[in-house]
Amino acid sequence: MEGDGEASPEVQTVSSEDVPRRPNPELKKLLFFKVYKRRWFVLLVLCLLNCSNATLWLTFAPVANQSAQYLKVSLEDINWLSLVYMVVAIPLSFGTTWMLDTLGLRITLILGSWLNMFGALVRFFGTPPFEGFQIHFMVVMLGQTLGALAQPLIIFTPTKLAALWFPDHQRATANTIASMSNPLGVLLANIISPMIAQTSAEIPTLLLVYAVPACIICLLATVGIRSSAPPTPPSASAESSGSEPFVQGIKLLLKNKAYLVLLLCFGSGIAVFTCFSTLLEQILCVHGYTNDFAGLCGALFIVFGVVGAGALGLYVDKTKKFIEATKINMSFTALACVAFSVVSLMPEQKAAVAAICSLFGFFGFSIYPVAMELSVECSYPVGEATSAGLIFVSGQVQSVLYIILLQALTTRLAESPLSTCGDTVLSWRVPMLVMAGLCSLFTCCFVMFFHTRYRRLEAEEEATYGTKQINGSTPSDHAPSVET
């Protein structure tokens, strides 16, 4: 049963009546684990922080034209306010993985919350409403850069938190909840930004709306998170979480064929979703779709993605079929990407565009937390932050390349009578087809070439019973646990 605070933790132990085999005597102590109610507060703070950082990332994308008018810059410059997150995160990612595995979860999250808050405040104070202030864009870019510094500190954390605080039958679910708070922030940005900034003069108000939650979340993280890990681990693998030294872990990952396939192919998937989120409004406005409709499509994309991720997370926690779930969902995602690349170029197809955006999110977003768990399973005993962090780095690098490539492939249209884009109207026909082709290519590569054992599950089973399980089975099949 659950008690209050740390004094009365949940106790998770293995019932001797249900264990069909004798535990390994040397590791018998690992059969006694505790899970604390406090884990849900730590998860809540991470979710709020992840959501806030995502709203800062995509503040300007849904209102690109209004932002360009207020800051007196081009649409390409506005895209860089989002792109800076990828550029800054890439060199910092290695340091972040080292911080998580060495300095711990608490320091990493608190530092991320302060950077996120300062970024939000700098953006707001850099856009005063009075006349004569001429450096709006550079100050806003500085604020975005501070938010970008916080992103890897936040977004690398879900896999580590799930491993340190949650038992094996809740890890994928916890990872899903924490990971999906990021797209929830994207959803809020797609709804709030067009709703508030209907004209360029309302951009400062929009930035204030995003700054207030960032300050509150920083207070919660600083005061509320008291330790990086619970006093007693929740599972056998949590005892050795991050046991490999950072440099040695990197070397092991670079020699792991299955991990390298996941690194390249899933990184491409992250890049496709980044392009979709960043460029959606610019793609749809060419054929007469309004900012409000683009915001609705972005919202459907996220809502169905969160629903799909929740369902898939629960399924994978129960069955441990990481590989099958990832391959099937990636295949459907590629089909949805192809459909979007065609339908988004057609005018007056709101129902079709909205439906495809929903399917794109349902199958695509649900992959993210499962793939992060899969990265740990195929690379164990490398630290969770290192294995999941490199996946994120791959996604950021490819996101930068994809956005630059897609923008370079656009052509200016002389006439577009349906356009709601403002002064600059670009053709996205070729970029959309290229994006669909890249998504399909890397999906095929993943389906054909990715094969691995579930190393972490095997290690937990071997630690407990001295024997390994076959892929896809779960320790609970042989050692059901009870909470007292």
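Counting begins at 1 with the first residue of the sequence.
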(request) Flag yes if more than 12 heavy atoms outside F450 fall under 6.0 Å of its CZ atom; otherwise flag no. (result)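 More than 12 within 6.0 Å, yes.
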(message) Parallel, tilted or perpendicular, judged at 30° and 60°: which one describes the rings of W40 and F166?
(response)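 W40 and F166: perpendicular rings.
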So [Y] and [X], do their side chains get closer than 4.5 Å, heavy atoms only?
X: F301; Y: S358; result: no
X: Y70; Y: V140; result: no
X: F266; Y: I367; result: yes
X: D77; Y: F137; result: yes
X: K321; Y: V316; result: no
X: F276; Y: I283; result: no
X: Q144; Y: W57; result: no
X: V261; Y: C445; result: no

So, [X] side chain and [Y] main chain: donor-acceptor pair closer than 3.5 Å or not?
X: R39; Y: L161; value: no
X: S394; Y: L390; value: no
X: T443; Y: C439; value: yes
X: Q66; Y: I203; value: no
X: N329; Y: G364; value: no
X: Y454; Y: F322; value: yes

Scan side-chain atoms only and decide if [X] and [Y] contain a donor-acceptor pair under the 3.5 Å cut-off.
X: D317; Y: Q170; value: no
X: S379; Y: N256; value: no
X: Y85; Y: T145; value: no
X: Q151; Y: N116; value: no

Interatomic spacing from [atom1] in [X] to [atom2] in [Y] - rounded to 0.5 Å:
X: R226; Y: R106; atom1: CZ; atom2: CZ; result: 10.0 Å
X: L48; Y: I217; atom1: CG; atom2: CD1; result: 5.0 Å
X: W114; Y: C218; atom1: CH2; atom2: SG; result: 4.5 Å
X: I196; Y: L208; atom1: CD1; atom2: CG; result: 9.0 Å
X: M195; Y: L188; atom1: CE; atom2: CG; result: 10.0 Å
X: N50; Y: S179; atom1: CG; atom2: OG; result: 7.5 Å

(request) Could you check T108, L111, N53, L115 and say which one makes a side-chain contact (heavy atoms from CB on, under 4.5 Å) with I154? (result)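 Option passing the side-chain contact (heavy atoms from CB on, under 4.5 Å) with I154: N53.
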(request) In sequence, state the C-alpha distance, the side-chain angles, and the governing distance for C275 and M435, and then conclude on side chain to side chain contact (heavy atoms under 4.5 Å, CB included). (result) CA-CA 9 Å; C275 292; M435 185 177 77; 4.0 Å; yes
(message) I'd like to know whether S193 forms a side-chain hydrogen bond (donor to acceptor under 3.5 Å, both in side chains) with Y210, so could you lay out the CA-CA distance, the side-chain angles of the two residues, the decisive distance to 0.1 Å, and finally the verdict.
(response) CA-CA 10 Å; S193 291; Y210 288 134; 2.9 Å; yes
Could you tell me which non-hydrogen atom of [X] sits nearest to which non-hydrogen atom of [Y], and how far apart they are?
X: F446; Y: M330; answer: CD2-SD, 3.6 Å
X: T176; Y: G313; answer: OG1-CA, 3.7 Å
X: T55; Y: T59; answer: O-OG1, 2.5 Å
X: V382; Y: S387; answer: CG1-N, 4.4 Å
X: G305; Y: F365; answer: CA-CB, 3.6 Å
X: T222; Y: S113; answer: OG1-OG, 4.3 Å

(request) Kindly say whether the aromatic ring centers of F60 and W80 come within a distance under 6.0 Å. (result)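 No - the distance between ring centres of F60 and W80 does not fall below the 6.0 Å cut-off.
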(request) Check the pair T333 / F273 against side chain to side chain contact (heavy atoms under 4.5 Å, CB included), numbers first and verdict last. (result) CA-CA 10 Å; T333 301; F273 276 76; 3.8 Å; yes
(message) Apply side chain to side chain contact (heavy atoms under 4.5 Å, CB included) to residues L264 and Q398 and explain how you reach the verdict.
(response) CA-CA 9 Å; L264 181 62; Q398 293 187 64; 4.2 Å; yes
(message) Let's go through F363 and F304 carefully: what are the C-alpha distance in whole Å and the side-chain angles of both, what is the deciding distance for side chain to side chain contact (heavy atoms under 4.5 Å, CB included) to 0.1 Å, and is it a yes or a no?
(response) CA-CA 8 Å; F363 292 112; F304 278 85; over 6 Å; no
